[in-house]
Trainee: 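Submitted below is the structure of interest, expressed as structure tokens.
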Amino acid sequence: MKKNNFLEDLKKIQYSLRKKLILEDKINIDKIRYIAGCDLTFLNPFSNPCRGIGVILVFDFKTWKIVDKTYSIDIVNMPYIPGFLAFREAPLILSAYKKLKIKPDVLIVDGHGIAHPRKMGIASHIGATLEIPTIGCAKKLLYGKHEELPLEKGSYVPLYDEKTKEILGYVLRSRKKVTPIYISPGNYLTPLTALEIVKKSLKGYRLPEPTRLAHLYCNSIRKELLNKEKFGKLF
DNA sequence: GCGACAG
DNA sequence: ATCTTGTCGC
């Protein structure tokens, strides 16, 4: 028996899910009404199992008012393994997504889309599973090559697969001198459309508003939960 | 064989 | 990804 049969099985799931990817524009950027961002936080990230909190925030793409928000808390058994992030984090996102009363036209995920060794980053994983448009927006590079990026705000260069020469996404300098963010389509979008949507979602911070606020929402729920449990211990 | 490696 | 304050630079 092979030692890493476990990861081989997970790869098979990724290859299977990849068949559901459609990297074409299934939505028109001018017709987007609701856009969402999601994120996770953990209570004890270095232990497994540990508890995780997954949130989704839905915004009106025009006014940027929050129109819906949900979260889900559960035990997470899967550890973080580069290339397999979705198996650790996607379940909580999917759970939170089910609770939404208003489903977004597109979902921005904290992580990569097709900028992944098997073109199945967490954004693609979620997009393929739910069959919805998704965008991967990561803070660090996982896979792909790109040229040097100019220092000015708004500059970007393509992120490509060195093997196939195909464009996976874009590296974007979302603010003046900050380290860039990595944008790639998850599902139902082209790399260029993913870039344009993220650019339209920037509100003066390094991260696009949906992802940025989802992260803050995560932290507030986390703090609230810790307070409750501390209070419980007093009795 | 070695380095790289989202959250 | 968590625990943590002030502080330096643009």
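Side chains are part of it too, since the values below use all heavy atoms of this structure and drop only hydrogens, waters and symmetry mates. Numbered from 1 within each chain, the chains take letters A, B, ... in sequence-line order.
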Trainee: Might you work through the side-chain hydrogen bond (donor to acceptor under 3.5 Å, both in side chains) test for A:Tyr143 and A:Asp161, ending with a clear yes or no?
Mentor: CA-CA 8 Å; A:Tyr143 180 84; A:Asp161 190 317; 3.0 Å; yes
Trainee: Using only heavy-atom distances, determine whether the side chains of A:Tyr34 and A:Asp68 contain a donor-acceptor pair under 3.5 Å.
Mentor: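 A:Asp68 and A:Tyr34 do not have a side-chain donor-acceptor pair below 3.5 Å.
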Trainee: When you check every protein heavy atom under 4.0 Å of nucleotides 5-10 of chain C, what one-letter string (B, S, -) results, 5' to 3'?
Mentor: ------
Trainee: Among all residues two or more places apart in sequence or in another chain, which pass the ring-ring contact (aromatic ring centres under 6.0 Å, His included) test with A:Phe87?
Mentor: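 Expected list: A:His125.
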Trainee: What is the distance, rounded to the nearest whole Å, between atom CZ of A:Arg51 and atom C1' of C:dA1?
Mentor: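 After rounding, the gap between these two atoms is 15 Å.
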Trainee: Kindly indicate, with the supporting measurements, whether the criterion salt bridge (Lys or Arg N to Asp or Glu O under 4.0 Å) is fulfilled by A:Lys119 and A:Glu166.
Mentor: CA-CA 12 Å; A:Lys119 288 183 168 48; A:Glu166 110 186 79; 3.0 Å; yes
Trainee: Starting from Watson-Crick (N1-N3 plus N6-O4 or O6-N4) and G-U wobble pairs under 3.5 Å, report the runs of at least three that DNA chain B belongs to.
Mentor: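 Output for stems: empty, none.
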Trainee: For A:Ala194 and A:Ser184, which heavy atoms make the closest approach, and how far apart are they?
Mentor: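 Minimum heavy-atom contact is CB-C, 4.3 Å.
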Trainee: Is A:Arg222 positioned over the aromatic face of A:Tyr71, cation under 6.0 angstrom from the ring centre and no more than 45 degrees off axis?
Mentor: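 That pair does not qualify as a cation-pi contact.
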Trainee: Hey, does the Lys NZ or Arg CZ of A:Arg88 hover above the aromatic six-ring of A:Phe42, less than 6.0 Å from the centre and inside 45° of the axis?
Mentor: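 Judged by the rule (NZ or CZ under 6.0 Å from the ring centre, within 45° of its axis), A:Arg88 counts as positioned above A:Phe42.
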Trainee: Check DNA chain C for consecutive Watson-Crick or G-U pairs with both distances under 3.5 Å and list the runs of at least three as stems.
Mentor: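 For DNA chain C no paired stretch is long enough to count as a stem (3 pairs minimum).
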Trainee: For A:Arg222 and C:dC3, is the shortest distance between a side-chain N/O and OP1 or OP2 below 4.0 Å?
Mentor: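 Yes, because at least one side-chain N or O of A:Arg222 sits under 4.0 Å from OP1 or OP2 of C:dC3.
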Trainee: Mind checking A:His125 for me? I need base, sugar-phosphate or nothing, with any heavy atom below 4.0 Å counting as a touch.
Mentor: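 Answer is nothing: A:His125 stays at 4.0 Å or more from every strand.
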Trainee: Would you list the pairs meeting salt bridge (Lys or Arg N to Asp or Glu O under 4.0 Å) in which at least one residue belongs to residues 173-188 of chain A, sequence neighbours left out?
Mentor: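 Pairs touching residues 173-188 of chain A that pass the test: none.
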Trainee: Please state whether the rings of A:Phe59 and A:Trp64 are parallel, tilted or perpendicular, taking 30° and 60° as the class boundaries.
Mentor: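 Answer is tilted, since the angle falls between 30° and 60°.
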Trainee: Please give me the minimum heavy-atom distance between A:Asn187 and A:Leu21, naming the atom from each residue.
Mentor: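 So the minimum-distance heavy-atom pair works out to OD1-CA, 3.4 Å.
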Trainee: Can A:Asp110 and A:Thr211 be counted as having a side-chain donor-acceptor contact under 3.5 angstrom?
Mentor: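 No.
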Trainee: If a protein heavy atom is under 4.0 Å from the base, mark B; if only from the sugar-phosphate, S; if neither, -; do that for nucleotides 2-7 of chain B going 5' to 3'.
Mentor: ---BBB
Trainee: Would you find a donor on one side and an acceptor on the other, under 3.5 Å apart, between the side chain of A:Arg18 and the backbone of A:Met120?
Mentor: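 It does not hold such a pair.
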Trainee: Give a yes or no on whether A:Phe61 and A:Leu189 share a hydrophobic cluster (residues Ile, Leu, Val, Met, Phe, Trp, Tyr; joining criterion: side-chain heavy atoms under 4.5 Å apart).
Mentor: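 Yes; tracing contacts between hydrophobic side chains, which count when under 4.5 Å, links both residues.
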